[in-house]
Amino acid sequence: MKKKVILITLEAPIPFGGAAARWYYILLNQLISRGHDVSVFSAVSNENDIEKIKQTFPGVNIKAFAFPKRSKIESKVNTILKPYSYMFSDEMQFEVNERLKEPYDVIHLEQLWTTWLIRGHEHKAFVSVHYLTNIDLEFAQPGSLKERMTIWLMQRTEKKLLSRMIYIKTCSQRIENKIREWLPSHKIKSIPFAIDKALYPFFENAERPLKKRITLVASMNWYPGKSAAIRLLNNLWPILSEKNPDCVLTIVGWQAKSVLSSYLNMKNVEILENVPDIQPYFTSSSILLYAPARGSGMKIKILEAMLLGVPVVTTSEGVEGLRLIDGLHAMIAEDDESLIEKAHSLLNNLDLQRSMRVAGRKIIEEECSPESIMNEIEKCYSFNFN
């Protein structure tokens with residue numbers, strides 16, 4: 001049954017934006033193709049994305065709003081009254097309020113902080129939770145009072161906003177289980193993100209790089225990505241480079257150079273930040289090595305690598321939300337010694353790389369197809385969370 005859907009996203013629904021944006025693009029594409037009447041409201045950090053949305057979805061009812069520029073006093077007051085609502089302008093709140101006065105069937109919220117925008121309408125909404133700071137920052141060691149206060153406020157607000165919702169969708173069983181500890185009577189359902197295989201051409205064996213290259217792709221302005229990079233540079237790479245002197249390490253991600261400035265002069269290491277197109281760095285990779293200390297939710301870069309045919313070495317954190325078999329779909333280990341052993345073995349075994357590339361793409365196609373994931377999302381539109 002076709003629904004009147006109000007979709008609110010944090011970041012733009014575009015095919016090659018940030019990780020979340022890529023999921024939103026698939027979600028909106030599916031909603032439109034299935035005939036739902038969709039009103040979209042997006043808060044975007046990059047104003048250039050507003051024009052990209054119009055080009056990607058011409059004629060669709062999408063209203064995008066840049067993150068507002070607020071004074072210091074206004075920001076502090078806003079942080080006290082509505083923590084982590086700084087992304088939403090007064091204009092966006094007004095436009096959402098006007099739409100809520102008209103008939104609708106369901107409000108679909110992507111990312112928890114968007115719940116600030118729909119006060120009083122929680123009974124006809126569900127929120128998609130991408131990660132939990134209560135998991136990600138559980139063992140973080142803040143260095144200053146300000147950092148400690150920031151983590152405390154973030155985790156407290158996260159629980160507060162979740163408690164207001166009745167219907168909650170998570171991207172992994174781990175996140176679902178954690179929320180159930182706090183809110184056992186709420187309606188919670190785990191549905192993975194979808195990814196469109198058509199956007200990711202499989203690199204054939206002849207296109208694979210001749211030179212050994214280990215790559216890490218992650219945002220450095222968030223603890224999981226930063227922790228994965230530092231662990232790789234400090235613990236894994238020194239031994240892997242000794243075992244493989246002809247290998248190069250490439251780290252690519254938002255704010256990578258500034259966050260990892262002390263590592264810029266390491267031998268055979270290149271660190272790149274804010275690149276316009278990430279796909280060439282996958283193309284040139286022998287393996288992707290992503291081993292965060294902590295990081296809840298699905299990792300879009302892992303999905304992309306596996307679809308493109310890049311063998312992956314990671315931890316259970318890296319494959320959260322997926323049913324992968326170690327040694328078949330990816331190399332999965334927890335401690336440094338095992339990660340080094342598996343990465344070294346994979347780096348030097350082309351036959352294993354070939355079989356893993358095929359198996360990896362196949363499992364992602366099966367578990368994360370837009371059609372099957374959207375079938376589950378539509379059940380949420382009828383508030384069927386069984």
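The figures that follow rest on heavy atoms only: side chains count, while hydrogens, waters and symmetry mates do not.
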Compile the donor-acceptor pairs under 3.5 Å between side chains in residues 254-268 and protein atoms, sequence neighbours left out, one pair per line.
| from | atom 1 | to | atom 2 | distance (Å) |
| --- | --- | --- | --- | --- |
| Ser258 | OG | Gln255 | O | 3.0 |
| Tyr263 | OH | Asn234 | OD1 | 3.0 |
| Tyr263 | OH | Asn234 | ND2 | 3.2 |

Enumerate, atom names and distances included, each donor-acceptor pair closer than 3.5 Å involving a side-chain atom of residues 11-26, sequence neighbours excluded.
| from | atom 1 | to | atom 2 | distance (Å) |
| --- | --- | --- | --- | --- |
| Glu11 | OE1 | Ser45 | N | 3.2 |
| Glu11 | OE1 | Ser45 | OG | 3.3 |
| Glu11 | OE2 | Ser45 | OG | 2.7 |
| Arg22 | NE | Gly17 | O | 2.9 |
| Arg22 | NH1 | Glu304 | OE2 | 2.3 |
| Arg22 | NH2 | Gly17 | O | 3.2 |
| Trp23 | NE1 | Glu110 | OE1 | 3.2 |
| Trp23 | NE1 | Glu110 | OE2 | 3.3 |
| Tyr24 | OH | Leu10 | O | 3.3 |
| Tyr24 | OH | Gln111 | NE2 | 3.1 |
| Tyr25 | OH | Asn29 | ND2 | 3.1 |

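For the residue pair Ser172/Glu320, the side-chain donor-acceptor check at 3.5 Å is satisfied. For the 3.5 Å distance criterion, the side chains of Asn348 and Lys212 qualify, holding a donor opposite an acceptor. Counting only N and O atoms by type, the side chains of Arg34 and Asn375 include a donor and acceptor under 3.5 Å apart. The closest side-chain donor-acceptor pair between Glu158 and Thr133 falls under 3.5 angstrom.
For the pair Ile287/Arg213, no side-chain contact is recorded, criterion being any heavy-atom separation below 4.5 Å from C-beta on. Side-chain contact between Leu289 and Leu240 is present, with heavy atoms from C-beta onward closer than 4.5 Å. Within the 4.5 Å cutoff, side-chain heavy atoms of Ser227 are placed close to those of Pro292. In this structure, the side chains of Val217 and Ile278 come closer than 4.5 Å at one or more pairs of heavy atoms. Counting heavy atoms from C-beta on, the side chains of Cys368 and Met298 come closer than 4.5 Å. Here the side chains of Arg174 and Ile135 are in contact, with some heavy-atom distance below 4.5 Å. Looking at Ile195 and Leu307, their side chains come closer than 4.5 Å, going by heavy atoms from C-beta outward. Residues Ile107 and Leu100 form a side-chain contact, since some pair of their non-hydrogen atoms from C-beta on lies under 4.5 Å apart.
Between the side chain of Ser241 and the main chain of Trp237, a donor-acceptor pair closer than 3.5 Å is present. The backbone N or O of Ile332 lies less than 3.5 Å from a partner atom in the side chain of Asp326, making a donor-acceptor pair. Without hydrogens or angle criteria, Asn244 side chain to Asp246 main chain gives no donor-acceptor distance under 3.5 Å. In this structure, the side chain of Thr315 does not engage the main chain of Ala333 through any donor-acceptor pair within 3.5 Å. Listed for the Trp113 side chain is no donor-acceptor partner under 3.5 Å among the backbone atoms of Tyr86. The main-chain N or O of Asn384 is never found under 3.5 Å from a side-chain atom of Ser382 such that the two would form a donor-acceptor pair. Here the side chain of Gln30 pairs no donor or acceptor atom with the backbone of Met374 at under 3.5 angstrom. Between the side chain of Ser85 and the main chain of Lys82, a donor-acceptor pair closer than 3.5 Å is present. Distance alone, capped at 3.5 Å, is enough to place a donor-acceptor pair between the Asn349 side chain and the Leu352 backbone. For the pair Arg208 (side chain) and Ser286 (backbone), a donor-acceptor distance under 3.5 Å is present.
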Kindly indicate, with the supporting measurements, whether the criterion side-chain hydrogen bond (donor to acceptor under 3.5 Å, both in side chains) is fulfilled by Gln93 and Asn97. CA-CA 6 Å; Gln93 182 68 77; Asn97 289 344; 2.9 Å; yes
Go through the steps to decide whether Leu350 and Gln353 satisfy the test side-chain contact (heavy atoms from CB on, under 4.5 Å), and finish with yes or no. CA-CA 5 Å; Leu350 293 180; Gln353 287 185 31; 3.9 Å; yes
Lys4 and Asp37: salt bridge (Lys or Arg N to Asp or Glu O under 4.0 Å), yes or no, with the steps? CA-CA 5 Å; Lys4 291 183 180 293; Asp37 181 358; 3.3 Å; yes
Run the salt bridge (Lys or Arg N to Asp or Glu O under 4.0 Å) check on Glu204 and Arg354 step by step: do they pass? CA-CA 9 Å; Glu204 299 299 335; Arg354 292 185 187 106; over 6 Å; no
How far apart are the C-alpha atoms of Glu176 and Lys169, what are their side-chain angles, what is the distance that settles it, and do they pass the salt bridge (Lys or Arg N to Asp or Glu O under 4.0 Å) test? CA-CA 8 Å; Glu176 178 182 339; Lys169 183 196 84 65; over 6 Å; no
Between Phe193 and His130, is the ring-ring contact (aromatic ring centres under 6.0 Å, His included) condition met? List the steps. CA-CA 9 Å; Phe193 296 139; His130 293 207; 4.8 Å; yes
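Under the rule for a salt bridge (charged side-chain N to carboxylate O under 4.0 Å, His left out), the partners of Lys63 that lie at least two apart in sequence or sit in another chain are Glu95. Considering only residues two or more places apart in sequence or on other chains, Thr157 meets the side-chain hydrogen bond (donor to acceptor under 3.5 Å, both in side chains) condition with none of them. Under the salt bridge (charged side-chain N to carboxylate O under 4.0 Å, His left out) criterion, Glu181 pairs with Lys178, sequence neighbours left out.
Annotation: Tyr131 is in aromatic contact with Trp222 [ring centroid separation under 6.0 Å]. Annotation: Tyr167 is in aromatic contact with Phe383 [ring centroid separation under 6.0 Å].
Residue Glu341 places its CD atom among 12 or fewer non-hydrogen atoms of other residues, nucleotides or ligands, all under 6.0 Å distant. Atom CD of Glu371 is surrounded by more than 12 heavy atoms from other residues, nucleotides or ligands within 6.0 Å. Within a 6.0 Å radius of NZ in Lys226, other residues, nucleotides and ligands contribute 12 heavy atoms or fewer. Other residues, nucleotides and ligands contribute over 12 non-hydrogen atoms within 6.0 Å of the CD atom of Glu147. Environment of CD in Glu334: crowded, with over 12 heavy atoms of neighbouring residues, nucleotides or ligands closer than 6.0 Å.
Salt bridge present: Arg231 and Asp336 bring a charged side-chain N and a carboxylate O closer than 4.0 Å. Salt-bridge formation is not detected for the pair Glu378/Lys3: no Lys NZ or Arg NE/NH1/NH2 atom is positioned less than 4.0 Å from an Asp or Glu carboxylate oxygen.
To the nearest 0.5 Å, atom CG of residue Leu303 and atom CZ of residue Arg361 are 12.0 Å apart. One finds the NE2 atom of His186 at 15.5 Å from the CZ atom of Phe126 (value rounded to the nearest 0.5 Å). Here NE2 of His121 is found 11.0 Å from CZ of Arg99. Values are rounded to the nearest 0.5 Å. We find the CG-OH distance between Leu112 and Tyr84 to be 12.0 Å, quoted to the nearest 0.5 Å.
In this structure, Tyr381 and His36 have perpendicular ring planes: the angle between them is above 60°, well past the 30° mark.
Both Leu145 and Ile151 belong to a single network of hydrophobic side chains, linked directly or stepwise wherever heavy atoms of I, L, V, M, F, W or Y lie under 4.5 Å apart. By the rule that hydrophobic residues join a cluster once side-chain heavy atoms approach within less than 4.5 Å of another member, Val275 and Val310 end up as members of one cluster.
Evaluation of the side-chain hydrogen bond (donor to acceptor under 3.5 Å, both in side chains) test over residues 276-285, restricted to residues two or more places apart or in two chains, returns Thr215-Ser285.
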